[in-house]
Amino acid sequence: MVISPVRQNHMVLPEISPDSMEPVREIVRILLRMWRKSDLSFVAELGVTELLTNVWKHTPGGCELLIRETPDGVLVGVTDFDDALPAVKQPTEDAECGRGLFLLAELTEELHTQPLLTGKQVWFRLGHNLPDGEKGEGHC
C-alpha cells in the first residue's frame, strides 16, 4: 500500500488587516496551482478573505490559517482565539452586513464552526463536482 503525504500549508498570522488580504490570497492561488486545483481558486480566495475579514473585524488578535489538499478538493480553516461563534443566517434584503458567511455556505460543500478550548475554528471544504454517489464523507 502506498500512502500519499498530505499536502498542506499552515500559516500563523499575528496581525490581520486589509493590507494582508492580497498576499494571503496570492499564497492560496499559488498552492492551488501547485496542487493542480486552480479551478477552486476563486471560491477559495473569496472564502479566505471572508474568514480573515471576520477575524480582523470581530476578534482581538491574530489567527492561524490552514489550507489542506483533499482527494477531491481543498479544506481551508481559520483558527482565532475569540470564543464568540459566528452565526450563519440568511440576511434580510436591507441588511448592511452578515452576508459573507451565508454566501460562503452557499458556495462550498461544507462550512462549519468548531469551538476550541480557547477560541474557535471556522472551516470550509471545496470539492470538484463529482457525479452523484462519488462524494466523500470526510470532515475536518
Side-chain angles (χ1 to χ4, degrees):
M1 171 187 346
V2 176
I3 299 174
S4 63
V6 174
R7 294 194 289 189
Q8 66 181 17
N9 184 280
H10 178 256
M11 288 182 272
V12 175
L13 303 168
E15 286 187 30
I16 296 296
S17 72
D19 292 338
S20 58
M21 302 298 172
E22 180 52 36
V24 173
R25 282 193 300 266
E26 181 66 20
I27 291 168
V28 171
R29 194 175 308 124
I30 290 168
L31 288 171
L32 293 180
R33 192 174 332 138
M34 287 179 3
W35 298 342
R36 300 189 195 291
K37 297 183 188 235
S38 292
D39 56 318
L40 301 175
S41 190
F42 179 78
V43 176
E45 291 176 56
L46 179 73
V48 165
T49 302
E50 172 61 23
L51 297 184
L52 294 181
T53 298
N54 285 348
V55 170
W56 174 64
K57 286 184 171 182
H58 303 292
T59 71
C63 65
E64 296 178 8
L65 173 64
L66 174 69
I67 305 160
R68 178 181 298 155
E69 182 184 33
T70 64
D72 71 332
V74 66
L75 182 135
V76 176
V78 172
T79 303
D80 67 54
F81 307 100
D82 185 81
D83 293 332
L85 298 177
V88 179
K89 56 187 175 201
Q90 185 167 1
T92 61
E93 251 184 62
D94 60 346
E96 294 184 16
C97 60
R99 296 182 189 281
L101 286 178
F102 174 77
L103 291 172
L104 191 56
E106 295 295 309
L107 293 171
T108 62
E109 278 65 29
E110 293 182 79
L111 173 67
H112 293 282
T113 301
Q114 179 177 349
L116 304 172
L117 289 176
T118 55
K120 65 184 166 295
Q121 183 180 59
V122 181
W123 61 271
F124 64 87
R125 186 177 61 83
L126 293 173
H128 298 284
N129 292 330
L130 297 174
D132 289 343
E134 289 188 34
K135 284 198 176 188
E137 298 296 322
H139 296 282
C140 184

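Remember, it's a predicted structure, so these values are computed and weren't measured experimentally.
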Exercise: do H58 and D82 side chains pair donor with acceptor under 3.5 Å:
no
Nearest heavy-atom approach of E50 to L101 is OE2-N, 3.6 Å
- Other residues, nucleotides, ligands: >12 heavy atoms within 6.0 Å of Q8 CD: yes
Item checked: Over 12 non-hydrogen atoms of neighbours within 6.0 angstrom of CH2 in W56 -> no
Between F124 and L104, the two heavy atoms sitting closest are CD2-CD2, 3.9 Å
When L51, L13, V55 are each screened for side chain to side chain contact (heavy atoms under 4.5 Å, CB included) with D80, the one that passes is V55
Separation between CD (Q121) and CG (L116), nearest 0.5 Å, reads 6.5 Å
In this structure, CD1 of I67 is separated from CG of L31 (nearest 0.5 Å) by 5.0 Å
On a heavy-atom basis, the closest approach of L126 and L40 is CD1-O, 3.7 Å
| task | Flag the pair E22 and R29 as a salt bridge only when some basic side-chain nitrogen lies within less than 4.0 angstrom of an acidic carboxylate oxygen. | result | yes
Correct closest heavy-atom pair for D83 and T118 would be OD1-C, 3.9 Å
Does a side chain donor of either R33 or S41 reach within less than 3.5 Å of an acceptor in the other side chain? no
So CZ of R25 and CG of L52: to nearest 0.5 Å the spacing works out to 9.5 Å
For F81 and E64 the tightest heavy-atom approach is CZ-OE2, 3.9 Å
Correct closest heavy-atom pair for K37 and E69 would be CE-OE2, 3.1 Å
To the nearest 0.5 Å, atom CG of N54 lies from atom CD1 of I16 at 11.5 Å
Cluster question for you: counting only ILVMFWY and a side-chain heavy-atom cut-off of under 4.5 Å, with indirect links fine, are W123 and I27 together? no
Between the CZ atom in F102 and the CG atom in L107, the distance rounded to the nearest 0.5 Å is 10.0 Å
Rounding to 0.5 Å, atoms CG (L75) and CZ (R125) come to a distance of 8.0 Å
Distance only, no hydrogens: is a donor on one side chain within 3.5 Å (strictly under) of an acceptor on the other, for H112 and Q114? no
Heavy-atom side-chain contact between L66 and T79 under 4.5 Å: no
